[in-house]
Amino acid sequence: MSDDGPLANDLHLLKLERCRWWLLVVVNIFFLVAGQASAVLLGRFYYDQGGNSKWLSTLVQTAAFPILFIPLFLIPSSQEASASSSTPSFKILASVYLFLGVLIAGDNWLYSTGLLYLSASTYSLICASQLAFNAVFSFYLNSQRFTALILNSVVVLSLSAALIAVNDDSDGLSGVSKGKYILGFVCTLGASAIYSLLLSLIQLSFQKVLKKETFSVVLEMQIYTALVATCVSVLGLFASGEWKTLHEEMESFGQGRASYVLTVVFTAVCWQVCSVGVVGLIFIVSSLFSNVISTVGLAVTPIASVIVFHDKMNGVKVIAMLLALWGFASYIYQNYLDDSKARRMQGAGDETRNDSVC
């Protein structure tokens, strides 16, 4: 006679684990989308009001990393590492954090340059191409399988970026020539490719180097890579000589000195909120899923920029945004199918184990 008690308890615990997993996913999605959209809009506001330092814009993307020590100390984390894992040596950890941090600093500089010459809506739509890049990197580095739906999302997101590329409208930004518009496009596209590579490398680091499944590991990854990126950005700020113009920039800021300081501070905070969501989703799901959710934020930003900055939403950009949403929906549906299949297989495994007890 079978005993349904233990099986019922196992299924109940499994359900609770799934609910907890989805709760973590939703929280990290909110952090990523809200943080990213707010940071991009504040970055565009900084440039619109007279800010001109690309290295300062690069610095604020990682400078607020000390606030991550708060959840690191307050949120308890399991002391158990994943099976058969061992703590990597200091030399290996330092090498990983140094390499990723330098790459992050260079990527942030490219993003800052792109945002200087593009409107927030155009910038965000070009960034949507990062999903296509990430699908390729995930295939080679993270063994991410390609399906028809994922391939569809890659194609339509590539078409979305291509539409922006052939759009000869620089969105009316004052002082932006055609050459600067092209430079902004190239820098943003290059930054998207490097960002996608970063996501796959971070996931690979979790799998092959860190080998620990605790939230503290996620925060430590973000803190130490941001520390390196911040140091590189500070060096760039002084080496370029842009630090000499910051006082004058603050004095001549369109909305005043207080607004200048608040803009810089809140931009830094928003980028850190976004980063927590990015790394959290890489840890909980995958780098490709994290990049897809970034695409959602990039689809939200053009709408917000029309409201806040009255950006032009011509026919080309509307079609590009619809394509970006289509690509996102394709991947989300594929993720839903994969999740459903995994649950069916797990349910079948539970039934098999129950039959063996009878």
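Residues take their numbers from the sequence shown, with the count starting at 1.
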Discussion item. Applying side chain to side chain donor-acceptor pair (under 3.5 Å) as the test, list every pair that has at least one member in residues 257-266; sequence neighbours left out.
Written reply: Glu249-Tyr260, Glu251-Arg257
Can you find a heavy atom in the side chain of [X] that is under 4.5 Å from one in the side chain of [Y]?
X	Y	result
Met221	Thr225	yes
Phe133	Ile194	no
Val261	Val265	yes
Tyr117	Tyr181	no
Tyr47	Ser57	yes
Tyr195	Val278	yes
Ser240	Lys54	no
Asn152	Trp326	yes

Shortest non-hydrogen contact from [X] to [Y]?
X	Y	result
Thr113	Cys187	CG2-SG, 3.7 Å
Gly43	Thr267	N-OG1, 4.4 Å
Gly190	Leu110	C-CD1, 4.3 Å
Cys270	Leu42	SG-CD1, 4.1 Å
Thr188	Cys127	CG2-SG, 3.6 Å

Practice prompt. Hey, can you tell me if Tyr224 and Tyr97 have their rings parallel, tilted or perpendicular (30° and 60° cut-offs)?
Written response: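 It falls in the tilted class, 30° to 60°.
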Discussion item. Once you measure the plane-to-plane angle for Trp109 and Trp55, does it fall in the parallel (<30°), tilted (30-60°) or perpendicular (>60°) bin?
Written reply: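 Geometry flag for Trp55 against Trp109: tilted rings.
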Is a donor on one side and an acceptor on the other found under 3.5 Å between the side chain of [X] and the backbone of [Y]?
X	Y	value
Gln36	Cys274	no
Thr122	Ser119	no
Arg44	Leu118	yes

Fill in: Non-neighbouring partners of Phe31 that pass ring pair (Phe, Tyr, Trp, His ring centres under 6.0 Å), sequence neighbours left out
none
Worksheet entry | Pair Thr62-Gln272, side chain to side chain donor-acceptor pair (under 3.5 Å): steps then yes or no | CA-CA 7 Å; Thr62 54; Gln272 282 310 302; 5.7 Å; no
Worksheet item: Linking Ile, Leu, Val, Met, Phe, Trp and Tyr through side-chain heavy atoms less than 4.5 Å apart, which residues share a cluster with Val102?
Response: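 Its cluster partners, ordered by chain and number, are Leu98, Val228, Val232.
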